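Just so it is clear, the structure is predicted and the values come from calculations on it, not from any experiment. Values below: all heavy atoms of this structure, side chains included; hydrogens, waters and symmetry mates excluded. So that the names make sense, note that chain A is the first sequence line, chain B the second, and so on, each numbered from 1.
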Amino acid sequence: MSQLQQERSRSAGQATRAPATPAPGRRRAEAKRAAGRGFRKGTTWLLALVWLVVVAAPIYYMIVASIEPTSVYLSANPWFPTKGITGANYGAVFSSGIVSYFFNSVIVAGSTTILAVAVSLLAAYAIVVHGSRWTGIVFRCFMVGFAVPIQALMIPLYLAILRIGLYDSLLGLILPMAAFSLPITILVLVNFLRDVPRSLIDAMRVDGAGPLRVLLRLVLPLSWPAIATVGVFDLVTSWNNFVFPLILTQSPSQATLPLSVFNFEGNHLQNVPEIMAAVALSAVPLFVLYLVARRRLMAGLAAGLGA
Amino acid sequence: MAQTAGRRPRWIRGWWPAWFLLPPVALFAGFVVLPIVLAVLLSFCSWNGSSAIQFNGLANWQQFIHDSSALAALERTGVLVVASWLVQEPIALALGIFAAGRQRHRAVLTAIYFLPMLISAASLGILWNLLLSPVNGGVMYASTHFGLFFLDHQWLSDPDLVMGTVIVLVAWEFIPFHSLLFEAGTRQIPRSIYEAAAIDGIGPYRRFFRITLPMLRHTIVTSSTLNLVGSLTVFDLIYTLTSGGPGQSTRVLALAQYLEGFESLDFGYASALAVVLGVLAVIVSMLLIGVTGFGKMRSQSEGA
């Protein structure tokens with residue numbers, strides 16, 4: 001059916017272009033081209049389906065393996081639950097305390113996002129509205145942060161967090177995560193604020209509003225789309241951050257989801273279905289977010305990647 | 001600009017931005033800039049995590065020059081970076097252009113294509129570790145029961161194969177990100193260019209090489225920068241997948257500096273390796289940004 005629709009839409013497209021064509025000698029060339037188009041289309045769809053299998057098969061496997069009884073996993077077909085399904089693996093994951101890790105992740109990712117966006121908005125507002133040489137220099141300093149990878153700073157961060165007494169605390173995760181989110185958050189907000197009409201700010205200024213008042217009453221309400229976009233990016237990156245909890249926490253009570261899944265694997269080495277259940281559960285929140293706000297999430301990720 | 005400056009209210013010219021910039025600058029200075037300085041300083045010190053930090057001059061750097069395992073890690077990192085770029089960019093480009101089509105069934109496929117982006121890299125490492133397990137892992141099962149004989153290898157325990165496995169899995173992880181970039185880039189190409197090309201009777205291959213590819217050049221540079229720096233610093237996936245093993249077969253630089261520090265407790269030497277990693281990342285991004293100009297990269301996305 002979809003094929004048909006496509007066919008129709010294509011012929012419709014040709015019809016609108018038609019007036020130039022009908023020289024009879026061209027008809028054979030036209031047919032040849034159509035055949036070539038069909039071949040290309042076929043190849044495209046074949047490759048698209050191959051990639052679909054490459055992407056979907058591991059995710060499908062994760063779900064199927066997580067509902068197979070652990071007793072039969074090693075002898076059963078792991079791709080199809082032929083020997084019955086069970087929810088026991090998920091029960092085991094829940095009783096391992098995943099709910100508390102989930103809340104740790106909510107606290108860490110939520111606070112990181114709010115903190116990063118709030119201070120970035122202050123910075124972006126000052127940089128754009130003031131627009132002087134020295135705020136420009138500050139802006140460039142933030143942008144240098146893009147080039148510095150987290151992975152190269154694990155040890156000094158560990159040392160710093162240890163020395164200021166924030167080791168093994170959620171706050172000790174939130175502050176560095178927010179700091180590393182600043183470059184991208186500031187860049188996206190600066191680009192957005194540059195498009196806010198100057199005349200609006202001037203109009204408020206004539207009414208005697210100060211910088212803070214203009215920010216709260218004018219710029220903040222206008223900036224919600226940009227805030228949501230970059231906020232989503234910060235949320236996803238901090239939710240999935242594995243390095244910081246790995247090096248900056250040690251007690252299980254401070255672990256976030258990605259680290260807890262890794263620890264869970266270490267403690268259940270023989271039990272593949274239970275590990276799969278843990279991996280699947282850790283992915284559920286972002287999958288849900290993807291379902292309800294796909295467009296926003298994709299826009300956020302694209303913005304975060306510098307598009 | 002110059003004329004409006006005179007009419008600007010006093011608060012526009014004042015020092016109030018200093019107060020607004022204080023929180024972000026403090027946060028950035030404390031947790032990004034200070035660690036950069038500390039990393040360099042620590043690379044000239046010895047520290048085992050609990051003892052006092054002691055200056056030991058160039059000892060770590062001399063050790064680095066003579067450490068064949070670190071140099072092998074450097075080489076592995078190079079292979080990973082180059083192979084990742086070669087594998088990921090063409091596939092991501094093709095997928096991005098495909099995803100930019102507006103038909104409904106493409107949208108459904110694309111929605112699935114982007115799923116790997118949502119799973120944390122650590123979870124992906126665990127997932128693939130189990131999938132590739134020789135003990136009834138899904139891939140092993142498929143090779144013996146579904147007739148996919150070419151899958152019948154020790155993907156994670158054969159030292160000659162495992163780096164290839166890592167390259168493929170890193171590609172699996174990152175291709176969705178890059179195809180998302182290319183999708184956005186392709187959608188920004190004005191339709192009118194293609195319509196004009198169609199009227200001129202330009203074929204699909206020339207259309208791709210003469211229109212699509214040149215119009216995507218900024219996206220290609222952005223994506224390549226992120227790709228090179230990203231694969232230079234891949235850590236989570238390899239750590240949860242193989243921890244650098246078997247032996248040292250997948251011990252890339254990012255892993256080497258972590259293991260030297262947090263497992264061997266030689267934080268001074270690990271810092272030297274981390275500095276090498278950081279400098280390489282800065283050089284790569286500076287080179288690529290220098291080629292295009294950071295401002296250009298920005299103004300292009302603004303203008304579109």
> Tell me, side chain or backbone of A/Leu175 under 4.5 Å from chain B's heavy atoms, or both, or neither?
Replying inline: both
>> Can you tell me which portion of B/Ile53 sits under 4.5 Å from chain A's heavy atoms? Options are side chain, backbone, both or neither.
In response: side chain
> By a 4.5 Å heavy-atom criterion (distance strictly below it), what part of A/Phe142 contacts chain B: side chain, backbone, both, or neither?
Replying inline: both
> For chain A, which of B/Val234, B/Leu130, B/Val282 has the most heavy-atom pairs under 4.5 Å?
Replying inline: B/Leu130
> For the residue pair B/Trp16 and A/Tyr125, does the interplanar ring angle fall in the parallel (under 30°), tilted (30 to 60°) or perpendicular (over 60°) class?
Replying inline: tilted
> Which residue out of B/Phe146, B/Trp128, B/Trp172 racks up the most heavy-atom pairs below 4.5 Å with chain A?
Replying inline: B/Trp172
> What option among A/Ala65, A/Ala152, A/Ala57 has the most heavy-atom pairs under 4.5 Å with chain B?
Replying inline: A/Ala152
> Quick one: what part of A/Leu259 sits under 4.5 Å from any heavy atom of chain B, side chain, backbone, both or neither?
Replying inline: neither
> So which part of B/Ile175 gets closer than 4.5 Å to some heavy atom of chain A, the side chain, the backbone, both or neither?
Replying inline: side chain
> Would you say A/Glu274's side chain and A/Asn271's backbone share a donor-acceptor pair under 3.5 angstrom?
Replying inline: no
> Tell me, side chain or backbone of B/Trp19 under 4.5 Å from chain A's heavy atoms, or both, or neither?
Replying inline: neither
> Checking heavy atoms, do the side chain of B/Ile91, its backbone, both or neither come under 4.5 Å from chain A?
Replying inline: side chain
> So how far is it from B/Leu255 CG to B/Glu260 CD, rounded to the nearest 0.5 Å?
Replying inline: 11.0 Å
>> Quick check on side chain to side chain contact (heavy atoms under 4.5 Å, CB included): which of B/Thr233, B/Thr77, B/Leu232, B/Val229 does B/Leu280 satisfy it with?
In response: B/Leu232
> So what's closer than 4.5 Å to chain B heavy atoms on A/Ala283: side chain, backbone, both or neither?
Replying inline: side chain
>> Under 4.5 Å from any heavy atom of chain A, what part of B/Leu95 do you find: side chain, backbone, both or neither?
In response: side chain
> Non-hydrogen atoms of chain A under 4.5 Å away: do they reach the side chain of B/Phe98, the backbone, both or neither?
Replying inline: side chain
> For the candidates B/Val284, B/Ile126, B/Ile119, which exhibits the highest count of non-hydrogen atom pairs separated by less than 4.5 Å from chain A?
Replying inline: B/Ile126
>> Is it the case that the ring center of A/Trp79 lies less than 6.0 angstrom away from the ring center of A/Tyr61?
In response: yes
> Between B/Ser123 and B/Ser120, is any side-chain donor less than 3.5 angstrom from a side-chain acceptor?
Replying inline: yes
> If you count heavy-atom pairs under 4.5 Å with chain A, which of B/Asp236, B/Val33, B/Leu277 comes out on top?
Replying inline: B/Asp236
> So which part of A/Ile164 gets closer than 4.5 Å to some heavy atom of chain B, the side chain, the backbone, both or neither?
Replying inline: side chain
> Side chain, backbone, both or neither: which part of B/Val25 has a heavy atom under 4.5 Å from chain A?
Replying inline: both
>> Between B/Phe182 and B/His178, is the ring centroid distance below 6.0 Å?
In response: no
> Is it the side chain or the backbone of B/Thr110 that comes within 4.5 Å of chain A heavy atoms, both, or neither?
Replying inline: backbone
> Quick one: ring-ring contact (aromatic ring centres under 6.0 Å, His included) partners of B/Tyr258, sequence neighbours excluded?
Replying inline: B/Phe235, B/Tyr239, B/Phe262
> Which residue out of A/Thr44, A/Leu115, A/Leu49, A/Val54 racks up the most heavy-atom pairs below 4.5 Å with chain B?
Replying inline: A/Val54
> For B/Ala29, is it the side chain, the backbone, both or neither that has a heavy atom under 4.5 Å from a heavy atom of chain A?
Replying inline: neither
>> Return the CE to CD distance between A/Met276 and A/Glu68, rounded to the nearest 0.5 Å.
In response: 10.0 Å
> Checking heavy atoms, do the side chain of B/Pro204, its backbone, both or neither come under 4.5 Å from chain A?
Replying inline: side chain
> What part of B/Ala94 is in contact with chain A, defined as an atom under 4.5 angstrom from a non-hydrogen atom: side chain, backbone, both or neither?
Replying inline: neither
> Is there a donor-acceptor pair closer than 3.5 Å between any side-chain N or O of A/Thr135 and the backbone N or O of A/His130?
Replying inline: no
> Side chain, backbone, both or neither: which part of A/Trp134 has a heavy atom under 4.5 Å from chain B?
Replying inline: side chain
> Atom CG in A/Leu157, atom CD1 in A/Ile150: separation rounded to 0.5 Å?
Replying inline: 8.5 Å
> Quick one: what part of A/Val138 sits under 4.5 Å from any heavy atom of chain B, side chain, backbone, both or neither?
Replying inline: side chain
>> As an exercise: rank A/Val243, A/Leu246, A/Ile186, A/Leu257 by heavy-atom pairs under 4.5 Å with chain B and give me the winner.
In response: A/Leu246
> Which answer fits A/Leu121, side chain, backbone, both or neither, if we ask what part of it has an atom under 4.5 Å from a heavy atom of chain B?
Replying inline: neither
>> Whether the side chain of A/Arg213 engages the backbone of A/Met204 through a donor-acceptor N/O pair (distance < 3.5 Å, no angle test) should be reported.
In response: no
> Taking the side chain from A/Tyr290 and the backbone from B/Ala111, do they hold a donor-acceptor pair closer than 3.5 Å?
Replying inline: yes
> Stepwise, does the ring-ring contact (aromatic ring centres under 6.0 Å, His included) test hold for B/Phe267 with A/Tyr158?
Replying inline: CA-CA 10 Å; B/Phe267 286 99; A/Tyr158 169 68; 5.5 Å; yes
> Side chain, backbone, both or neither: which part of B/Ile112 has an atom under 4.5 Å from a heavy atom of chain A?
Replying inline: both
> When the ring centroid of A/Phe180 is compared with that of B/Phe31, is the distance short of 6.0 Å?
Replying inline: no
> Are B/Trp47 and B/Tyr269 close enough that their ring centers fall under 6.0 Å?
Replying inline: no
>> Heavy-atom pairs under 4.5 Å with chain B - which of A/Pro156, A/Gly145, A/Ala56 has more of them than the others?
In response: A/Pro156
